[in-house]
Amino acid sequence: MTELKAKITELLFQSHEIDISKYDDDFIEKSIIRRIQHNNCNSEKEYLSFFIENKMEGALFLDSLFISYSEFFRNSLTFAVLDNLILPGILLKNSTNKKKEIRIWSAACAAGQEAYSLAMLLNEHKSAEGRMINFRIFATDYSEAQVTQAQQGQFQSIALNNLTLKRVTQWFKKRGESYIVKPELKERIDFSVFDLSCEDHSCPPNSIYGDFDIVLCANLLFYYNAEFRKKIMDKARHCLAKGGYVITGETEREIMLRYNFEEVYPQSCIFRKLGE
Ligand SMILES: C[S@@+](CC[C@H](N)C(=O)[O-])C[C@H]1O[C@@H](n2cnc3c(N)ncnc32)[C@H](O)[C@@H]1O
């Protein structure tokens with residue numbers, strides 16, 4: 001498998017200028033096995049010949065690596081802790097420090113579900129407290145297609161399964177079989193393309209200076225190797241406001257503990273720099 005993986009890595013770099021060596025070894029191996037089975041190849045050697053002879057296989061292989069699955073309020077415990085502990089704490093701290101707005105970065109936003117979920121929560125805090133809450137969410141992804149979809153804010157009804165009827169009615173407009181996010185929920189979200197492997201910027205250029213109270217980096221770390229994960233975590237650490245939080249997916253909790261972050265509430269997937 002090591003030889004096949006190295007050969008595929010080389011071929012993909014030549015044909016697509018995409019370097020898959022930054023992905024986690026197990027993830028790449030599983031993807032290769034899936035492609036071998038899908039194409040009914042009987043050995044690694046046979047798959048390599050198939051890969052070389054079929055011009056489309058490179059693109060299809062890459063497609064199988066780009067996983068964009070997401071959900072509104074994907075991890076209910078994370079969002080409950082955010083709603084009840086973290087956001088009230090940030091609001092209090094920012095008003096004491098006279099910080100003008102809550103700044104959030106959804107660093108792999110897929111079709112925007114995570115950013116829209118947070119915008120719903122913050123708007124709900126705004127109405128519950130009967131006062132203005134200034135917030136801005138920078139939502140980025142390296143896939144242009146995902147960012148375009150996020151900006152459009154159009155979802156099939158099945159994608160709204162985690163939402164209460166109240167939220168669906170308040171924040172979506174039904175159009176045919178789809179639901180469209182209302183403009184007032186989009187108002188404070190800035191969607192843009194940003195690749196976390198970018199060497200020139202540690203935070204999305206649209207945000208100008210980072211200073212984020214929350215960085216969401218959920219369900220993408222585990223696709224990458226340790227070196228690339230560290231680069232992503234360094235970026236997140238660099239652009240966090242003092243006392244800010246990083247949020248990951250459930251399977252990434254162990255990874256965070258290795259990078260000097262502590263979980264603020266057990267199993268919440270919400271982390272703070274150790275000692276802050
Ligand atoms: C599985 S989805 C997770 C979406 C969302 N964060 C969640 O937890 O539901 C992973 C997303 O990460 C994006 N992604 C992967 N690598 C990236 C990178 N290097 N820079 C920016 N986005 C990336 C993918 O395009 C995809 O939309």
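All residue numbers refer to positions in the sequence shown, counting from 1. Every number for a ligand or one of its atoms is a count from 1 in the order of the listing.
Centroid-to-centroid, the aromatic rings of Tyr116 and Phe191 come within less than 6.0 Å. Taking the centre of each ring, Phe72 and Phe155 come in below the 6.0 Å mark.
Taking distance alone, with nitrogen or oxygen atoms compared against 3.5 Å, Gln146 stays at or beyond that limit from ligand 1. For Tyr142, a nitrogen or oxygen atom sits less than 3.5 Å from a nitrogen or oxygen atom of ligand 1, counting backbone and side chain alike. Between Arg74 and ligand 1, a contact under 3.5 Å exists for at least one N or O pair. Annotation: Asp141 places an N or O atom under 3.5 Å from an N or O atom of ligand 1; distance criterion only. Note: no N/O pair closer than 3.5 Å links Tyr223 and ligand 1 by distance alone. Looking at ligand 1, you won't find any N or O of Ile67 less than 3.5 Å from one of its N or O atoms.
Note that CD of Gln154 is 3.5 Å distant from CD1 of Ile180, once rounded to the nearest 0.5 Å.
Note on ligand 1: Tyr69 sits in its first shell, one or more heavy atoms being nearer than 4.0 Å.
Contacts between Phe222 and ligand 1 below 4.0 angstrom, taking non-hydrogen atoms only, are absent altogether. Under 4.0 angstrom from ligand 1, the non-hydrogen atoms of Leu220 all belong to its side chain.
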Problem - Evaluation steps, side-chain contact (heavy atoms from CB on, under 4.5 Å), between Ser207 and Phe212 - result: CA-CA 9 Å; Ser207 80; Phe212 297 115; 3.5 Å; yes

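The protein heavy-atom contact nearest to atom 8 (O) of ligand 1 is Asn219 ND2, 2.8 Å. Protein heavy atom in closest approach to atom 20 (N) of ligand 1: Leu196 N, 2.9 Å.
Across all non-hydrogen atoms, the minimal contact from Asp213 to Ala241 is OD1-CB, 4.2 Å.
Under the side chain to side chain contact (heavy atoms under 4.5 Å, CB included) criterion, Phe13 pairs with Asp19, not counting sequence neighbours. Residues forming a salt bridge (Lys or Arg N to Asp or Glu O under 4.0 Å) with Lys5 (at least two apart in sequence, or on another chain): Asp25, Glu29.
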